[in-house]
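The structure appears right after this line, and notes come after that.
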Protein chains: 2
Amino acid sequence: MSVTIKDIAKLAGVSHTTVSRAMNDSPLINDETKLRIRALAEQLGYTPNLYAKSLVSDRSHHVGLFFTTLYTGTSAGFFHDAVRGVSEVLRSGYQLVVKGIDDCRAGGFHTITSKSFDGIIAVSQSEEDDDFLASVREKGIPLVVLNRQLEEGQCLNIVSDEAEGVRQAVGYLLKLGHENVAMIAGKPGFKSAVVRRSGYEEALAAAGIDVRRDYVAAGEYTVESGLAAMRRLLRLRERPTAVFCANDQMALGAMKAIAEAGLRAPEDIAVAGFDDDVFAAYVTPALTTVRRPIAEMSRMAAQRLLQEIEQGRPAPETVYVRTELVVRESAAPPQKPGM
Amino acid sequence: MSVTIKDIAKLAGVSHTTVSRAMNDSPLINDETKLRIRALAEQLGYTPNLYAKSLVSDRSHHVGLFFTTLYTGTSAGFFHDAVRGVSEVLRSGYQLVVKGIDDCRAGGFHTITSKSFDGIIAVSQSEEDDDFLASVREKGIPLVVLNRQLEEGQCLNIVSDEAEGVRQAVGYLLKLGHENVAMIAGKPGFKSAVVRRSGYEEALAAAGIDVRRDYVAAGEYTVESGLAAMRRLLRLRERPTAVFCANDQMALGAMKAIAEAGLRAPEDIAVAGFDDDVFAAYVTPALTTVRRPIAEMSRMAAQRLLQEIEQGRPAPETVYVRTELVVRESAAPPQKPGM
DNA sequence: CCACACTTTGCACACGTGAACAATCCGTCC
DNA sequence: GGACGGATTGTTCACGTGTGCAAAGTGTGG
């Protein structure tokens with residue numbers, strides 16, 4: 001049995017109201033009794049029952065961090081960075097509940113109420129999440145959406161400018177002198193897959209190069225799928241001399257396929273990735289990629305969410321966070337024909 | 001404002017108790033009224049207030065998943081696998097709260113009470129967590145400890161037999177013919193670092209080889225630290241021909257250092273890792289390593305915890321999960337001298 | 001000495017839910 | 001016809017906390 005304010009009240013010979021006031025720094029109490037009661041509470045190891053508090057105060061002290069899915073499609077590095085960033089800001093003031101949106105959908109999002117969450121951060125990777133986001137907004141729960149861009153003005157939306165990041169990477173490959181630049185695309189249904197592909201096409205168009213359909217190989221954001229996609233690209237009659245991969249895991253798979261085929265990166269085929277995953281700097285050759293500051297974005301999301309919870313609804317703006325091209329070793333100029 | 005059972009009661013012309021009974025499938029109610037009330041509840045979009053339920057039923061519907069730290073020392077793949085495994089079992093029946101033990105310590109674990117958590121899974125990597133574990137047990141919260149072995153009989157403890165795993169890996173290197181086998185050790189203070197080092201020493205002892213102090217390089221479980229440690233090992237006068245790394249991230253760094261030095265793995269130096277991290281199969285050369293079934297372990301932990309919550313305390317046993325040597329390409333027999 | 005203000009405390013209720021107990025209705029059996 | 005029992009519903013209280021309002025105590029100024 002745990003200690004309640006009534007227990008303390010009885011021992012201190014006061015009413016439970018007085019104890020409540022002592023614990024909450026109310027001005028309606030004598031300093032002396034406050035200290036006396038607090039000492040007693042400390043001694044008895046009193047911890048308030050947060051559920052009772054929640055019931056009366058309508059504050060749950062829980063923040064939800066929801067991902068499109070916890071299973072395939074969410075890379076470990078991305079997931080870890082996001083949880084860390086949010087957790088760092090919340091520390092012990094709030095409890096962080098981590099969930100996959102797909103796991104909740106079965107119950108029609110019934111378990112998600114304004115009573116059970118003070119606020120929600122949704123790390124959205126797909127338009128499939130829209131029903132979830134609508135449900136959250138409808139219930140009036142403070143919401144920040146991370147990673148995927150929404151229609152303007154729905155809620156606070158923090159995204160990296162992915163298309164720009166991809167243009168940087170593909171532009172870099174083109175500047176090195178590559179003309180046959182292929183792409184391994186992301187998981188179908190994921191918005192980022194579409195955006196990154198557009199960035200690729202725009203970069204080519206800006207250089208006056210036509211997009212070849214057979215140069216875009218479908219992937220799934222997993223290492224395996226990158227391996228398989230690269231194998232297909234290598235079988236093409238006019239083999240690409242460079243490949244941009246929609247994330248680093250697939251780039252890793254692609255490099256594996258290149259090695260398998262007896263070729264070398266970057267000499268025979270230049271490779272660029274996206275995400276700057278934990279391992280990117282340390283594979284051989286070190287991966288040239290685009291960094292998205294996930295941890296920073298999630299920290300910002302958490303800060304803004306707390307602000308919204310504690311001070312009320314801010315303007316629903318869209319915040320763009322800059323990506324950064326990280327040049328390492330996996331991309332080099334093409335070999336001259338005949339060399 | 002959200003709908004409560006009292007609202008429904010008023011509209012249906014019954015008492016709130018009757019509504020409660022309708023929602024909870026009580027036998028003390030007429031089927032007809034039950035259906036009528038349920039239809040009404042559905043129509044009004046009623047969702048029960050879990051905090052009120054918690055208050056009266058002493059069940060919080062929250063399960064805690066605690067890591068030693070969410071920051072350095074916990075690799076992304078490990079973290080992701082653990083959260084996924086637990087989440088998969090819990091699905092939507094419970095809310096999963098993810099936290100770092102270090103983040104809670106500041107508040108003296110005051111926020112962790114039997115009222116706020118129905119059960120806790122601790123993924124412990126260090127003896128520093130003992131104060132936390134003691135605090136949880138003292139409060140009578142069902143507890144499963146994952147990953148680190150405890151004194152027998154404290155609570156349900158699920159661990160992989162890491163020493164055996166290391167012996168397999170080092171034994172494999174020895175069997176290939178290596179005599180100068182070095183090790184890059186784990187983060188000081190982490191129990192796994194000690195256990196894995198012991199495994200290494202035992203394997204050498206079993207083969208009648210003395211442990212050389214200069215062959216054990218300190219690491220931190222990060223890729224960078226593996227890189228730095230390997231650089232140090234490469235500077236030794238009698239260079240090792242094989243190196244066992246206490247995790248895959250450090251093995252990645254080690255391979256990087258080997259490439260930097262103009263050497264090749266596995267031809268010049270054989271490398272073996274530990275964990276079978278997501279990227280292990282896809283780096284070049286593919287990493288020979290030891291697989292720990294983290295996802296399976298965490299699924300088991302979640303299942304056993306639910307069982308304990310719902311059916312009462314089971315025997316506090318220690319469950320060993322077998323590790324598995326995964327032979328890939330990064331380890332090969334040593335080159336003959338003079339070749 | 002009284003009126004008034006201020007400080008400090010307690011009483012009673014509310015939050016939303018579940019459960020023990022009482023009350024009512026209906027049918028059955030002796 | 002009265003006693004009994006089962007089915008169904010309502011009344012009341014409890015869970016632990018915060019708050020509006022009343023009450024008691026203290027001091028101050030006229």
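Remember, predicted model here, so these are calculated numbers, not experimental data. Note: hydrogens, waters and symmetry copies are ignored here, and every other heavy atom, side chains too, is used. Numbered from 1 within each chain, the chains take letters A, B, ... in sequence-line order.
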What's the verdict on salt bridge (Lys or Arg N to Asp or Glu O under 4.0 Å) for B:Arg304 and B:Glu317, showing C-alpha distance, side-chain angles and the deciding distance?
CA-CA 11 Å; B:Arg304 299 288 290 255; B:Glu317 60 179 320; 2.5 Å; yes
Centroid-centroid distance, B:Phe66 to B:Phe109, less than 6.0 Å:
no
Does the ring center of B:His62 lie less than 6.0 Å from the ring center of B:Phe117?
no
Distance in angstrom units between [X] [atom1] and [N] [atom2], rounded:
X	N	atom1	atom2	result
A:His61	D:dG18	NE2	C1'	12 Å
B:His16	C:dA20	NE2	P	14 Å
A:Lys6	D:dG18	NZ	C1'	12 Å
B:Lys115	D:dT17	NZ	C1'	13 Å
B:Asp7	C:dC15	CG	P	10 Å

Lys/Arg-Asp/Glu bridge criterion (N-O < 4.0 Å) met for [X], [Y]:
X	Y	result
A:Lys191	A:Asp129	no
B:Asp81	B:Arg292	no
A:Lys53	A:Asp58	no

Counting only side-chain N and O atoms of [X], is one of them less than 4.0 Å from OP1 or OP2 of [N]?
X	N	answer
A:Thr18	C:dG10	yes
B:Ser20	C:dT17	no
A:Thr4	D:dG16	no

Base D:dT19 to side chain A:Thr17, donor-acceptor N/O within 3.5 Å cut-off
yes
Give me the atom names and distance for the closest heavy-atom approach of B:Ser2 to A:Lys115.
OG-CE, 3.0 Å
Side-chain H-bond candidate by donor/acceptor type, B:Gln125 with B:Thr74, under 3.5 Å:
yes
What parts of residues 21-41 of chain A reach DNA chain D, counting only heavy atoms under 4.0 Å away?
A:Asn24
Near DNA chain D, under 4.0 Å by heavy atom, which residues of residues 47-56 of chain A?
A:Pro48, A:Asn49, A:Ala52, A:Lys53, A:Val56
Taking side chain as C-beta onward, heavy atoms only, is A:Ser192 less than 4.5 Å from A:Glu162?
yes
